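See below for the structure under consideration.
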Number of protein chains: 2
Amino acid sequence: MCWPSGLSINFVSLALNKDQRRPMTTIYDIAKAAGVTATTVSNVLSGKGSVSATTRARVLKYVRELEYQPNLIARSLIKGRTGVIGLILSGVDNPFYAETTTIVERLAYAVGLRVFTTTLSGDDQVGQKMLKDLILRQVDGILITTWTEKQIMHVIAAMQLPVVHCFWEDDKPASTPYVAIDLESGGLLAGQHLLSLGHRHLGVITHLNRDGSSAHEQRVAGFQNALSQHGLSLDPILLQDGRSSMEGGKTAAHKLLTQPNPPTAIFATNDAMAIGAMAAAWELGLQIPRDLSIIGLDDVTLAKYVVPPLTTVAIDKEAILSHAIKLLLDAINGQEAVSPPPLSPTLVIRGSTGPCLQ
Amino acid sequence: MCWPSGLSINFVSLALNKDQRRPMTTIYDIAKAAGVTATTVSNVLSGKGSVSATTRARVLKYVRELEYQPNLIARSLIKGRTGVIGLILSGVDNPFYAETTTIVERLAYAVGLRVFTTTLSGDDQVGQKMLKDLILRQVDGILITTWTEKQIMHVIAAMQLPVVHCFWEDDKPASTPYVAIDLESGGLLAGQHLLSLGHRHLGVITHLNRDGSSAHEQRVAGFQNALSQHGLSLDPILLQDGRSSMEGGKTAAHKLLTQPNPPTAIFATNDAMAIGAMAAAWELGLQIPRDLSIIGLDDVTLAKYVVPPLTTVAIDKEAILSHAIKLLLDAINGQEAVSPPPLSPTLVIRGSTGPCLQ
DNA sequence: CTGAAAGCGCTAACAT
DNA sequence: ATGTTAGCGCTTTCAG
């Protein structure tokens, strides 16, 4: 064989097919070695039944020697449980979702669950197929964190598969457990903060297209409540769609800021859009917070590092997801899953908001 | 039962245990309904064997009526293949990894593979256990994108499990397929760019602790090559550890910039650290790029949105991961997995670098 | 305390 | 073209 220069044999690996690889040692292998039956080995391993100390020791010895590893697939088949859950996420360029995955994976593993993450990129078919695939793979439950096609919800419901919602409750069947956040008070907090800084001409960037959502509507509603308290109301032209993404937030901010009478402060209903808005402000030569205040909602890790650091309404992802996992586990175990009362967000003041100077 | 005010019965879900739920319809159910045997149903479904058009139609009819869904767990058990791969990631606050997961999930699914993401948070034990769990769950292969304990590598090697490395090749057994990037030329590009802007006093933020890595060393080496070409060399005090994270980058930049003779430009060996460095500069009242130029490496999505937009050396994640998945698939199928020649990064000039004004 | 037998849902020889 | 048999690796009654 002839190699392009620079490529050595190191760069080649003649892999072994599954059948060519050394077969895993099974429970039978160690049963034979220990001179007992598979049942006994199983009992030793599971701690059920009762086995004499002697045989237990002998079995364990071979377990070690033969480096036995239980085959979780076989176990899943017989138990009717895989110990895997599905996680449904949105695929927009939003750091929030990235953080969600990591947290969920860790929390789930802590209770013995692995997760298949399914990222829905818009309304494509791929995501929907991936979701069905989750069912074929016998996941024990599903955690939904974003808008999901009604049809899919029905399939899941028909399967009577345990489901928990969080961050997003649109089109959720009434009976589905849900970990709620008081998003309306989140919007209120944002509004009050801006108002207290003297801003009176306020813009909003939110997510409002058809698959958009009460989750964002609530934030806006809370914001409007704050305005009402000051006898103000939101000018519809100052409410723009940012599609939940950084890019969308940037575009929306452009529209807002190039109007004849631009706002002096903007509430973006999530941090991704807020960060996009900051980028737009920079392009327009606006300095934050001198010329424009921006407040987000979520408190993603990144918020601390953007310039200037983003003032935002923080939601406790960790707490919410931890609740969600617990709920899902209860549902999987056939226990009553009681949704907790809504969690309250908190205001985190950093550098992207300041007094109104106009 | 008594409910806190505001909570309605909607918030409760009495879940069904697995055993209580309607059992899935199996291949036998539809065999019985269609008056054939399970084998025939299997043949119809797989398209193997041969079945008369009539029975095929009849079987298919019941498949639809009874809403048959194949149980992939059972299939996995008999096939000795799960169609699942493991993905090993680092858990630092680096947007790069988030993007990696999403891309891998999509690319993998396109070739019929699902992925179990395993985030290694430092050198904790949890990550290592999760990794072993991957094996118990019979993943078909593993894609490693970050530093991994040698011991684990040995376990995997012992299992003769297909493995592919990318982005990171430290401690990689020589025979493991690897998708390489020419990181050294990446560092060179960064250095040349800074030099061409007139900067002569340069700082570097990189990842250098023990589990750090040739992956970052290469970047620094390339950078130093650029310096050498100009008869310059890197002052060791201007090389700081940023631990690959935004926080680390920020801390490192602080150290760099508070020195008696601070650099006029900084090369951070990844975008996360570069973004952290930008935050540090802001805190110190330095304006970018007027007072300080910063260049990163990776080109994460976020780079376009930070203020000012980050100049960086882009690596084509999509291409690399696509190669990696292909390699892994080859390895799984027992085919020769030939590592491609190293891919070249490219310079993307945005707003965080400018002429040296001192 | 240990073993025999059955079966989870599916597929793959090997008949017929 | 269809059916029979056996088995993937494990657990779970139920006997002994």
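Nothing here was measured: the structure is a model prediction, and the numbers come from that model. Below, all heavy atoms of this structure are taken into account, side chains as well, without hydrogens, waters or symmetry copies. To find a chain, count down the sequence lines: A is the first, B the second, and so on, and within it residues start at 1.
- In this structure, Y109(B) OH and T119(A) OG1 are separated by 12.5 Å, a value rounded to the nearest 0.5 Å.
- Here the P atom of nucleotide dC8(C) and the CG atom of D29(B) are 11 Å apart, to the nearest Å.
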Residues E105(A), L87(A); criterion side chain to side chain contact (heavy atoms under 4.5 Å, CB included); working and verdict: CA-CA 9 Å; E105(A) 270 156 21; L87(A) 170 66; over 6 Å; no
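- A sub-4.0 Å separation between OP1 or OP2 of dT2(D) and a side-chain N or O of T55(B) is present.
- Relative ring orientation between F116(B) and F116(A) is described as parallel, the plane-to-plane angle staying below 30° on a 0-90° scale split at 30° and 60°.
- Put simply, CD1 on I30(A) is 13 Å from C1' on dC10(D), counting in whole angstrom units.
- As a whole-Å value, the separation of R81(A) CZ from dT12(D) C1' is 16 Å.
- Around atom CD of E67(B), no more than 12 heavy atoms belonging to other residues, nucleotides or ligands sit under 6.0 Å away.
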Protein-nucleotides 11-13 of chain C N/O pairs under 3.5 Å:
unit_1	atom_1	unit_2	atom_2	d
dT11(C)	OP1	R75(B)	NE	2.8
dT11(C)	OP1	R75(B)	NH2	3.3
dT11(C)	OP2	S42(B)	OG	3.1
dA12(C)	OP1	K79(B)	NZ	3.4
dA12(C)	OP2	K48(B)	NZ	3.4
dA12(C)	N6	T39(B)	OG1	2.9

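- Here the C1' atom of nucleotide dG7(D) and the CD1 atom of I73(A) are 17 Å apart, to the nearest Å.
- At a threshold of 4.0 angstrom between heavy atoms, the contacts of S52(B) are confined to the sugar-phosphate backbone, with no base atom among them.
- The distance between atom CG of L72(A) and atom P of dC10(D), rounded to the nearest whole Å, is 10 Å.
- Between the side chains of R137(A) and T82(B), no donor-acceptor pair is found at a separation under 3.5 Å.
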Audit row: T146(A), V92(A), side chain to side chain contact (heavy atoms under 4.5 Å, CB included) steps and yes/no: CA-CA 11 Å; T146(A) 190; V92(A) 298; over 6 Å; no
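- Here S50(B) reaches the OP1 or OP2 of dA1(D): one of its side-chain N or O atoms lies under 4.0 Å away.
- Between V115(A) and T101(A), every side-chain heavy-atom pair lies at or beyond the 4.5 Å cut-off.
- Proximity of a side-chain donor or acceptor of R114(A) to a complementary backbone N or O of M130(B) within less than 3.5 Å is detected.
- Mapping V36(B) and N71(A) onto DNA chain D by nearest heavy atom places V36(B) closer to the 5' end of the strand.
- What separates CD of Q69(B) from C1' of dC10(C) is a distance of 15 Å, to the nearest Å.
- For L77(A) and dC8(D), the CG to C1' distance is 9 Å, given to the nearest whole Å.
- The residues D133(A) and K129(A) are annotated as not salt-bridged, no charged nitrogen and carboxylate oxygen being separated by less than 4.0 angstrom.
- Taking five base pairs at each end of the helix from dC1(C)-dG16(D) to dT16(C)-dA1(D) and finding the rotation axis that steps the C1' atoms of four pairs onto the next four gives two axes whose angle is 40°, to the nearest 10°.
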